[in-house]
Structures are given as C-alpha cells and as structure tokens.
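Numbers restart at 1 for each chain; the letters A, B, ... are given by sequence-line order, proteins then strands.
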Amino acid sequence: MDLESKKEEKKEEKKKEKKLPKASSKKTMREKLSKKEIERQGILLGFMAVYVIYGIVFYYLPLGGWIMAFQNYKIKTGLFGSTFVGLDKFKFLFEDVEFLRVIRNTLAMGVINLVCTFIMAIVFAILLNEVRNRFGKKLVQTISYLPHFLSWIIVTGIIHDSLSNTGIINELLVNWNIIKTPINFFAHEGYFWPIVAFANVWKETGWNAIIYLAAIVSIDPSLYEAAEMDGAGRWAKIKHITLPGIRPTIMILLVMNIGNVLNAGFEVQYLLGNGLVRKVSETIDIYVLNWGVSQSDYSLGTAAGIFKSVVAIILIIIANYVAKKTGEEHLF
Amino acid sequence: MKDKKDKNEIKLNYSNMNKRDGSREHETHAEETSEKLRKLKKVLLGSSYRRESPGDTFFGICIAIFMVLFSIVTLYPVLNTVAISFNDGLDAVKGGIHLWPRVFSLKSYETVFGIQGFVQGALITVLRTVLGTLFALVANALLAYIISRKHFMFRSGLSLFWVITMYVNGGLIPTMVLYKALHLTSSFWVYVIPGMVSAFNVMVIRTYMEGLPDELEESAQLDGAGYMTIFLKIISPLCKPVYATVALFVAVYQWNSWFDAMIYNRMKPEYTTLQYELMKLLSSVMQQSGSATGGAAAQGGSVSAVTPVSVRSAATVITMLPIICLYPFLQRYFVTGLTIGGVKG
C-alpha cells in the first residue's frame, strides 16, 4: 500500500511538471500570436489543408459509406441511386443463424486470445526480468521478437507444418505413447480455438512483453533493495513490488485491448480455417468478406461491419467505465 | 478531449520518461551508478548469492528451464521450415526431418524461382516496401512536426482530427467502394497512398519531437528561419532515431501485407505481392489437411521431386530471410519506439 501511494505521488509530480510549462506556454501563445507569426504559419496551414483533405477522404469518407447498410445497394445505381430499405439488412443479419454463430466465434476467440496473450506476455516479462545472466537475457529476448516480424501467412504455414501428420507435435505424442496414430488437428472442431490461441501467443508474446519490461525497468530499484533487507525472496519481490509496479500499465493495455476483442479475428481464422471446421472458425470479418466481397452484397457486408464497430466502441467504453469505478488506470 | 488525451500519454509514458526526453545517455549513466551502488551494498552486506534461500535457487532453475523451452518452441518451427526447404520434397513427406535436411536438394528453390508470379511478387514487394516507407515517413514526420509546434493555431484541433481516426473506421466494404471510386483498385498505388498517414506513427514522432528542447527552435527563429527550414535543418536531423523506428514499423507492415493484394488487385497479376503468392501456395497445402483423410492423400498423389510443402517452405524461407537478417540489429529502434508510443497500435 505504501509503495502504491509513493508511486502515485511521484506520478502526480511528474504530471505537474509536464503540464505546467505547457499551460503557461499556451497562454503566452494566445497573447503573442502576432501578425508576423501568423504569416510565418502560412506554410503550416497549407500543409495542414493537405492533411485534412487526405484525412477526410481516406478516414472520414468511408464512414459516410455506412449509408449503404440502410440501402439495397447496387453497384449499377451507386450510393445515390440505390433504394433505402431501412433496417432490413440488420434484421436479416440477426435472423441469420450463421451470423449469430459468427458473433459467438468472434467473441469466444477474441476473449480466449486476449486472456492467453495477456497472461503470457506478463509472465514472460516478469520471468525474463528475473534472469540474471545478461547475455542469456538478451538472447532470449531477441529470439522472442522474431515471430512478430513474420507475416500471418508464414506463421500459419509454420503452425500447420508443426501440427501436420508428420509434424513435430504428432511425432512427439506418438513417441511418448500418448496417442497411437497421428491426429489430424485441422479436421476436428474442438482443436481450432486452442490452435488459434496458441498461434497468437506464439507470435506476439515477446513483442507484447516489451512494454511490460520497460515498465518493470522503471520501478525504483531501492524498493527491491529494501525488500531484500527485510528478507524477501524472489517470489515475494515479484508479488509485492513488480506486479503492483506494472499494474497501471496492465490496466491501460487491458482497457485498450478489450476494444480490440472483435478485431482479433481475421487472418489466422481465414488462413487456418477449412470446410471441416467452418462452424467454429468463421468470424465477423470473414462473414463480411464472404457476403460483401464474394457475393457482392455490399449492404449486408457494411451492416455487419457497422455492428462490429459499434460493439467495439461499446466494449471499450464499458471497460473504461469499470476501470474508472474500481479506481484503476483508465483511458478517458 | 485533447487535454485528456495528453494526460493519457503522460500516464502511459510515465514509465518511460527517461527515454522520452531523448537523453539515453543519462539513463545508462543512472543505471551504471545504481549498479555500482548495488555492488557496494553486496560487498557490505555479503553477496546476495550467499544469502539466497533454497526456494530462490529452485525458482531460478525453473526460470532457466522456462526460458530454454520458450526459445525452443519459438525457434524450432522456423528452423524446421528451413531444413524442409533444403530437403528433397518426396523424402520430406516421410517426415522425421528436424533441424537438418536428410536428402539435400535445391529443387524446391528452383521451382519457386520458376513460378512467374513469385518473381513478379518479389519485385512489387520490394518496390512497395521502399516507396511505401519513404512516402509514409515523410508524411508522418511532417504532420507530427505541425502538431508538435506549440504556437500553431490549430494544433489541438488537428491533433484531435487524427486521433479519432485511430478509433473509428468505416470498415472493409465502404473502404473498398471508396478505393474503386478513386480508381485506386487495380493499381500499384493502392499499396502506398491509403495507409500513408497513420495516427499511431504520427503520435510516436510527435511525442519525440515534443521532448526536444524549445531553445533550438527559438534560436533558429531569431536567425530568421521559417518553419520549413527549422523542420528540415534542425528538427529532422535530431529525430533520426524515431524516424528509424517508424520506418521500421512501416517497412515490416509493407513487407508482410497480402490482404490488399488479394482484395484490390486480384485481377492484376502484375501487382501481386510476395506474401500473396505465398498465401496461394499455403492454401494449396491446406486443402489437403482440410479433407478428412489428411496428408495421407498427398503422399500417394505426388510424383514430382517437389511437393507443395517443400515449395512452400522454400518460398517461406525466401520471404522471411530479409526480415530475420535485419531485425536483431534494429532492436534498439523498435523497443524505444514502442515505449515512446506507450501502447501498441
């Protein structure tokens, strides 16, 4: 408890430090914005105009495309000539058994992935921090980044090879007499979610750990020394110093990632899925791709996309609210 | 909203204040001193190793085992792919290849380079990586510079305008319709233009720029330098580390993209990319295990010296080689970049 309040205090101080000069400069800026300065800023204004136009075109204009969800959009008639059908497309979505299944898959895989990658990254960061051998630490860390730089195409290929009939997993399982004949992991629905979770953990653990390691490094070393004097072992130090020390980082990342839960389901599922596991592998994004692109039903694809965006925003607001209420770090 | 955003960043970056100030020397210096202090204490109090309890030793061994296992799980599949790619394709089907090829053969590589789309894809991928990174870097740096100018009149407005784009987006279909309307589909530029400005990268550069001392700008201003001169001659040379970080992020993204090639340029084989070609090879392998009989069907079927698996392995090795060779040397950049940015994008 003492430690936390100390940290809070320090943080407040730093915040103030950061804020004060900013606030004062803001004031003087308003007063001092002379004619000459405005003239000088002409060039900045010019570039700003370019950026605003670019932003409107590529980021805000697609939001206008949401109108399509309320239309019976035809490529021939376009956005302005298509007939409006109100909420028909949404009605169709929620009466579609497939869409409901797709929501379930997306949520389930999103939550499983979030929990697994989150816990693994924190555990890895804490344990890596405990490694005393400097060279070994550096080496493991370098190795841990590697998968992040590989594309999902490569990662799914690698996962597929490892789990194939002649792959290492089946070989080990057979050699250890756990199973008699190789399992075809991609033909059974039950294996799909764990495989996707493993793929995510394999790819991102090292990368996600970077931010926790940075947070651990910034913990005041004197705290550890004090604990050592009091006779705390390594485990006690982790529990009472390291974990509370990175708690704010964990909370912020958690809130941010909860909003991303629905986004977590495209590439792996698309690449690893097949006809046999379709019922558990398809996600909202794949649904959008199937209906919107392959079937060219733009309206339905857009409607499904809107549903995803809205749920994502609601999730992040709820997560933020809960974090705020419980006195944890939050986004806004 | 803007202020809140700032607060967040401060919160997020609280743990990384040192790096943010751009004074890495300071940090290492501080580290050294604290290291010295710790050593001194060890001498005074007796080595911490001597006082280590059996529980701690056991804990240390567990960690070591965990780290070794972690490294094996990470490295083995990659090395296995390399071994398979150098092995004779038919022989590899029997399995049992681990870290070293059993029957050495370069046939798979010959086959890969014989695929027309693959060579073209490699060309396009290199081109999009170079051009895309260059364009994105200039665009992001300039926007970050504008937003980080303390006296700029629309500073917070412009900042908010871009921060919103991080959280809200139109989705796949509206974006596709837009690109079609802009004639970006079926062209190379769909790889470069749309993703050029990314709010996350802008915020990373901006945070770094705001950490630079104001006096630099002020003194240049007194000498009569305009905003662009200050950007090009004073700020940019100091921002090289953060530019490298962002360039790395963009380059990796460009190198690894395949979805845009599939969606927007499916009908244009001349604009295919390396990853998209790899994906086609991958799905040809996948289809086999998608059938209930699994890989067994493939074993009987193929008669040529190469198999889809061996060709795909070779293609995989070629595709990941540049990244694997480069990333260990760029560690410093992405680690600082990620900690400056506070949170991953």
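For the set Y276(B), Y179(B), Y76(B), Y253(B), the entry with the most heavy-atom pairs within less than 4.5 Å of chain A is Y76(B). Counting heavy-atom pairs closer than 4.5 Å to chain B, the top-ranked of the candidates V288(A), V50(A), I154(A), V140(A) is I154(A). For chain A, the option among L178(B), N80(B), L143(B), I97(B) with the highest count of heavy-atom pairs below 4.5 Å is L143(B). Chosen from N170(A), L61(A), V277(A), L45(A), the residue pairing most often with chain B at heavy-atom distances under 4.5 Å is L45(A). The residue among V155(A), I43(A), D161(A) with the most heavy atom pairs within less than 4.5 Å of chain B is D161(A). Annotation: maximal heavy-atom pairing with chain B below 4.5 Å, among L289(A), L271(A), V131(A), occurs at L271(A). Ranked by heavy-atom pairs under 4.5 Å with chain B, the first of L146(A), I159(A), I316(A), I158(A) is L146(A). Here G55(A) is the residue among S162(A), G55(A), P147(A) with the most heavy-atom pairs under 4.5 Å with chain B.
A heavy-atom distance below 4.5 Å is found between the side chains of V335(B) and Y145(A). A 4.5 Å side-chain heavy-atom check between F58(B) and W235(A) finds every atom pair outside the cut-off. R149(B) has its side chain within reach of L44(A): a pair of non-hydrogen atoms, C-beta onward, lies under 4.5 Å apart. Residues Y60(A) and I164(B) meet the side-chain proximity criterion, which asks for heavy atoms closer than 4.5 Å. By the 4.5 Å heavy-atom criterion applied to side chains, H148(A) and V252(B) are not counted as neighbours.
In this pair, F70(B) and F124(A) present their aromatic rings parallel. The plane angle is below 30°, not in the 30 to 60° band.
Within the 3.5 Å criterion, the main-chain N or O of G60(B) finds no donor-acceptor partner in the side chain of R132(A). Proximity of a side-chain donor or acceptor of Q41(A) to a complementary backbone N or O of H151(B) within less than 3.5 Å is detected. Proximity of a side-chain donor or acceptor of Y51(A) to a complementary backbone N or O of A139(B) within less than 3.5 Å is detected. Panel note: side chain W202(A), backbone V73(B); a donor-acceptor pair is recorded below 3.5 Å. Formation of a donor-acceptor pair under 3.5 Å by the D56(B) side chain with backbone atoms of G233(A) is not found in this model.
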task = Could you go through the side chain to side chain contact (heavy atoms under 4.5 Å, CB included) check for Q331(B) and K138(A) one step at a time?
result = CA-CA 11 Å; Q331(B) 254 184 71; K138(A) 196 89 209 142; 3.7 Å; yes

message = Assess the residue pair Y145(B) and F47(A) against the criterion (ring-ring contact (aromatic ring centres under 6.0 Å, His included)); give the C-alpha distance rounded to whole Å, side-chain angles, the decisive distance to 0.1 Å, and a yes or no.
response = CA-CA 11 Å; Y145(B) 174 73; F47(A) 279 116; 9.5 Å; no

key: ring-ring contact (aromatic ring centres under 6.0 Å, His included) assessment of Y59(A) paired with F161(B)   = CA-CA 10 Å; Y59(A) 288 99; F161(B) 177 86; 8.7 Å; no

task = Quick one: do W152(A) and Q275(B) satisfy side-chain hydrogen bond (donor to acceptor under 3.5 Å, both in side chains)? Show the steps, please.
result = CA-CA 9 Å; W152(A) 272 117; Q275(B) 302 285 349; over 6 Å; no

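Both the backbone and the side chain of L128(A) have a heavy atom closer than 4.5 Å to some heavy atom of chain B. Looking at T205(A), the atoms closer than 4.5 Å to chain B (heavy atoms on both sides) all sit in the side chain, from C-beta outward. Looking at M68(A), only its side chain comes within 4.5 Å of chain B, counting heavy atoms on both sides.
Nearest heavy atom pair, residue G157(A) against residue L282(B), reads CA-CD1, 3.4 Å. Nearest heavy atom pair, residue T74(B) against residue I143(A), reads CG2-O, 3.6 Å.
Taking OG from S283(B) and CG from L272(A), the interatomic distance works out to 12.0 Å, rounded to the nearest 0.5 Å.
Residues Y270(A) and F259(B) keep their aromatic ring centres 6.0 Å or farther apart.
The side chain to side chain contact (heavy atoms under 4.5 Å, CB included) test with F58(A) singles out one residue from V197(B), T165(B), L182(B), and that residue is L182(B).
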